[in-house]
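This report concerns only the one structure given below.
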Amino acid sequence: MPEGPSIVILKEKVQQFTGKKVIAAGCNNGALDAGLLINKTITGFKSWGKHFLICFPKFTIRIHLMMFGTYRINTHTEKPPRLHLQFADGELNFYACQLQLITEPLNKVYDWKADIMSDKWDTKHAIKKMKAEPALLACDALMNQQIFSGVGNIIKNEVLFRTCIHPESLVAAIPPKKMKELIAKAINYSFEFLEQKKKGTLKKHWQAYHKKECPRNHVPFMVEDTGRSRRASFYCELCQIKY
DNA sequence: GCTAATGTTATCGC
DNA sequence: GGCGATAACATTAG
């Protein structure tokens, strides 16, 4: 159940399998042939936004956990996994996920500058992409995986509240300084999300997402499906300015 | 039992 | 064809 930071956590948790050889594999999905993985050694794990990448010498497996995907490390659930990797001293299982085989070099497939969790994140690049879409709304910009890869509905809501921006603001109308603040907060909150999620205190720190009232004004939050994707936005009419 | 939820993509209709 | 709206998929906690 992941936004970008949760995938970074997954990546950290599976480090023990870097350099390990797959001795058996199962794939409950036509997108991938499990036989391809046998006796192959994992060279590393990467992530791009919500994509989790298992790297082998000549190809990469892309896993997207979508809304409901889960995983188990060195254990499994009663249900058959969509992808099972068996190692000499452990196992890795993924459920309800989307699998894809990538044979092209990753640098060709992914623009690392768009990944909010990457040290290659490029603010100017993001601004440029947003300028290319004059009618873009703030809520849609944040949810756009080509611009803010890794941002999901929680990060969207928390960042818009923290920067006092109405979800349906026209991005083109947001002053440049405010725009930079929005982007900086998106990155900043994503790393807070990472730390809080690790400590199990993520929900406790929500200021807007699924909250009843605005902590600043104590008026009820508006709850509306916003933007092209019609995802729920929780916002305060008083303190979040509509540009 | 029903609903909603950290997501994405395909298809429908105007 | 382009656009937005809708459906589809999948899981589980509340």
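Naming: A, B, ... by sequence-line order, numbering from 1 per chain. Heavy atoms only: backbone and side chains are in, while hydrogens, waters and symmetry mates are out.
- For A/H51 and B/dT9, the NE2 to P distance is 7 Å, given to the nearest whole Å.
- Contacts classified as side chain to side chain donor-acceptor pair (under 3.5 Å) and involving residues 83-92 of chain A (residues at least two apart or in different chains) are given here: A/H84-A/Q86, A/H84-A/N93, A/E91-A/N93.
- Each of A/K203 and A/A96 was assigned the nucleotide of DNA chain C with the nearest heavy atom; the assignment lying further toward the 5' end belongs to A/A96.
- Scanning for salt bridge (Lys or Arg N to Asp or Glu O under 4.0 Å) contacts around A/K79 gives an empty result, with sequence neighbours left out.
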Both distances under 3.5 Å, Watson-Crick or G-U wobble: on that basis, could you give the dot-bracket string for DNA chain B, with [ ] for crossing pairs and | for other-strand partners?
.||||.||||||||
Report, one line per pair, each donor and acceptor closer than 3.5 Å where one atom sits in a side chain of residues 133-152 of chain A; sequence neighbours left out.
unit_1: A/D140; atom_1: OD1; unit_2: A/R228; atom_2: N; d: 2.9
unit_1: A/D140; atom_1: OD2; unit_2: A/R228; atom_2: N; d: 2.9
unit_1: A/N144; atom_1: OD1; unit_2: A/Q146; atom_2: N; d: 2.7
unit_1: A/N144; atom_1: OD1; unit_2: A/I147; atom_2: N; d: 3.4
unit_1: A/Q145; atom_1: OE1; unit_2: A/G150; atom_2: N; d: 3.0
unit_1: A/Q145; atom_1: NE2; unit_2: A/M143; atom_2: O; d: 3.1
unit_1: A/Q145; atom_1: NE2; unit_2: A/V151; atom_2: O; d: 2.9
unit_1: A/S149; atom_1: OG; unit_2: A/G49; atom_2: N; d: 3.4

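- Atom CE in A/M67 sits roughly 9 Å away from atom P in B/dT8 (whole-Å rounding).
- Taking the C1' atom of each, C/dA13 and B/dT8 are spaced 22 Å apart, rounded to whole Å.
- For the ring pair (Phe, Tyr, Trp, His ring centres under 6.0 Å) test, residues two or more places apart in sequence or in another chain that qualify with A/F45 are A/F52.
- Applying the side chain to side chain donor-acceptor pair (under 3.5 Å) rule to pairs touching residues 50-60 of chain A yields A/H51-A/Y110, sequence neighbours excluded.
- In this structure, the side chains of A/I54 and A/F56 come closer than 4.5 Å at one or more pairs of heavy atoms.
- Of the residues in residues 136-153 of chain A, those lying under 4.0 Å from DNA chain B by heavy-atom distance are A/Q145, A/G152, A/N153.
- Of the inter-residue distances, the one linking A/M179 atom CE with A/T123 atom OG1 reads 9.5 Å to the nearest 0.5 angstrom.
- Legend: side chain to side chain donor-acceptor pair (under 3.5 Å) pairs involving residues 39-48 of chain A, not counting sequence neighbours, sorted by first then second residue: A/K11-A/S47.
- With sequence neighbours left out, A/R82 forms a side chain to side chain donor-acceptor pair (under 3.5 Å) with no residue at all.
- The six-membered or imidazole ring of A/H210 lies near that of A/F234, with a centre-to-centre distance under 6.0 Å.
- With a cutoff of under 4.0 Å to any heavy atom of chain A, the contacted region of DNA chain C is bounded 5' to 3' by C/dG4 to C/dT12.
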Please enumerate all protein N or O atoms sitting under 3.5 Å from an N or O of nucleotides 10-14 of chain B, with distances to 0.1 Å.
none

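- For the side chain to side chain donor-acceptor pair (under 3.5 Å) test, residues two or more places apart in sequence or in another chain that qualify with A/T226 are A/S233.
- Separating the CZ atom of A/R62 from the P atom of B/dG7 is a distance of 15 Å, rounded to the nearest angstrom.
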